[in-house]
Structure formats: structure tokens, C-alpha cells
**Student:** 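Following this message is one structure expressed as C-alpha cells.
This structure is a prediction, so every number in the text was calculated from the model and none was measured. Hydrogens, waters and symmetry mates play no part in the numbers below; they use all other heavy atoms, side chains included.
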Amino acid sequence: MTVHVRATMPLAVNGKGERTLRAYSQPIHLAAIFGPRWYARRGDSYEIAEFVDVVKHYRLIDDTVLQHLRPADEMVLATTVHQREWQAPDNFDEEQVRRNENK
């Protein structure tokens, strides 16, 4: 399975209304690299993020265009899901995480 992540410019904004999509990567076959159940793994997934960071990226806009981007309008901000760090549930068990680590 090849994962293609796409976002349109108007919707790629942070909570401040700043447009955040600057580049995209080539398609990545995550199952070939991290195993067929990479999407269901437990524990940290930092190695996947680090891998995506080093894959070749293609810039969408240059610095001169970046200076002229308008902030997102009220409608886009009202429909944007704010990203936040995942919070561990109350029954989070460090020992269970250790037992379920992906090798």
C-alpha cells in the first residue's frame, strides 16, 4: 500500500491562520519499509516521521511567494481541526507499552 498525503493550500493552516503547506514528498511505500501493519503499531512512531523528513521533498512555493500569502479567512479557521499532541488515556500502562513494542 502506498500512502499519498495531500492537502490543499487553503486547508493547510495552523491555529493562527498561517498557511503551513510548503512542500510535499515523493510517494512512500510505508508497508515495505515499516511492515504491513505500520498503521496499527503501538508506541512511538518517531522513526516514521524521521524517515518522511529525509525523503526528497518538492517545494510548492518559494520565499518570495511566501511573503505574500494571506492568512486563512474566518470560514477556513472555523472548519479547521486543530492539531494537538495525543494525550495518554487514564489507564495508560508503561509496562504494556514495553510488552507491545514493535521490534
Side-chain angles (χ1 to χ4, degrees):
M1 166 166 71
T2 301
V3 175
H4 296 273
V5 179
R6 294 184 187 167
T8 58
M9 284 298 282
L11 300 180
V13 298
N14 62 17
K16 299 176 189 174
E18 300 166 333
R19 298 176 192 274
T20 57
L21 184 62
R22 305 282 189 262
Y24 65 96
S25 72
Q26 63 188 30
I28 303 168
H29 190 346
L30 293 175
I33 300 163
F34 299 104
R37 293 187 43 84
W38 64 268
Y39 55 86
R41 57 191 298 173
R42 293 177 175 250
D44 293 332
S45 57
Y46 294 119
E47 64 187 19
I48 295 174
E50 290 168 354
F51 179 80
V52 172
D53 282 345
V54 299
V55 170
K56 180 177 172 81
H57 281 71
Y58 303 93
R59 289 184 64 142
L60 292 170
I61 57 176
D62 62 22
D63 292 336
T64 57
V65 174
L66 186 60
Q67 296 171 7
H68 300 288
L69 285 179
R70 294 179 306 177
D73 60 26
E74 290 182 28
M75 185 204 67
V76 170
L77 286 175
T79 59
T80 300
V81 176
H82 296 288
Q83 296 179 357
R84 60 182 171 0
E85 188 72 25
W86 175 78
Q87 298 296 314
D90 293 336
N91 64 349
F92 184 73
D93 180 6
E94 291 287 343
E95 177 61 23
Q96 182 179 16
V97 170
R98 190 189 62 70
R99 286 192 309 268
N100 292 316
E101 280 181 345
N102 293 309
K103 306 270 181 210

**Student:** For V52 versus H57, what's the shortest heavy-atom pair and its separation?
**Tutor:** O-CE1, 2.9 Å
**Student:** Nearest 0.5 angstrom please: I28 CD1 to L30 CG, how far?
**Tutor:**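 So the CD1 of I28 and the CG of L30 are separated by 5.5 Å.
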**Student:** Once salt bridge (charged side-chain N to carboxylate O under 4.0 Å, His left out) is applied, do any residues pair with R37, and if so which ones, sequence neighbours excluded?
**Tutor:**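 In terms of salt bridge (charged side-chain N to carboxylate O under 4.0 Å, His left out), with neighbours along the sequence ignored, R37 is linked to no residue.
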**Student:** Nearest 0.5 Å please: distance from the CD1 atom of I48 over to the CD1 atom of I33.
**Tutor:**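 Reported value, rounded in 0.5 Å steps: 9.5 Å.
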**Student:** If Ile, Leu, Val, Met, Phe, Trp and Tyr residues are connected whenever their side-chain heavy atoms lie under 4.5 Å apart, and connections chain through other members, are W38 and V55 in the same group?
**Tutor:**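 Same hydrophobic cluster.
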**Student:** Using salt bridge (charged side-chain N to carboxylate O under 4.0 Å, His left out) as the criterion, list what pairs up with D63, not counting sequence neighbours.
**Tutor:**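 D63: salt bridge (charged side-chain N to carboxylate O under 4.0 Å, His left out) contacts with R59.
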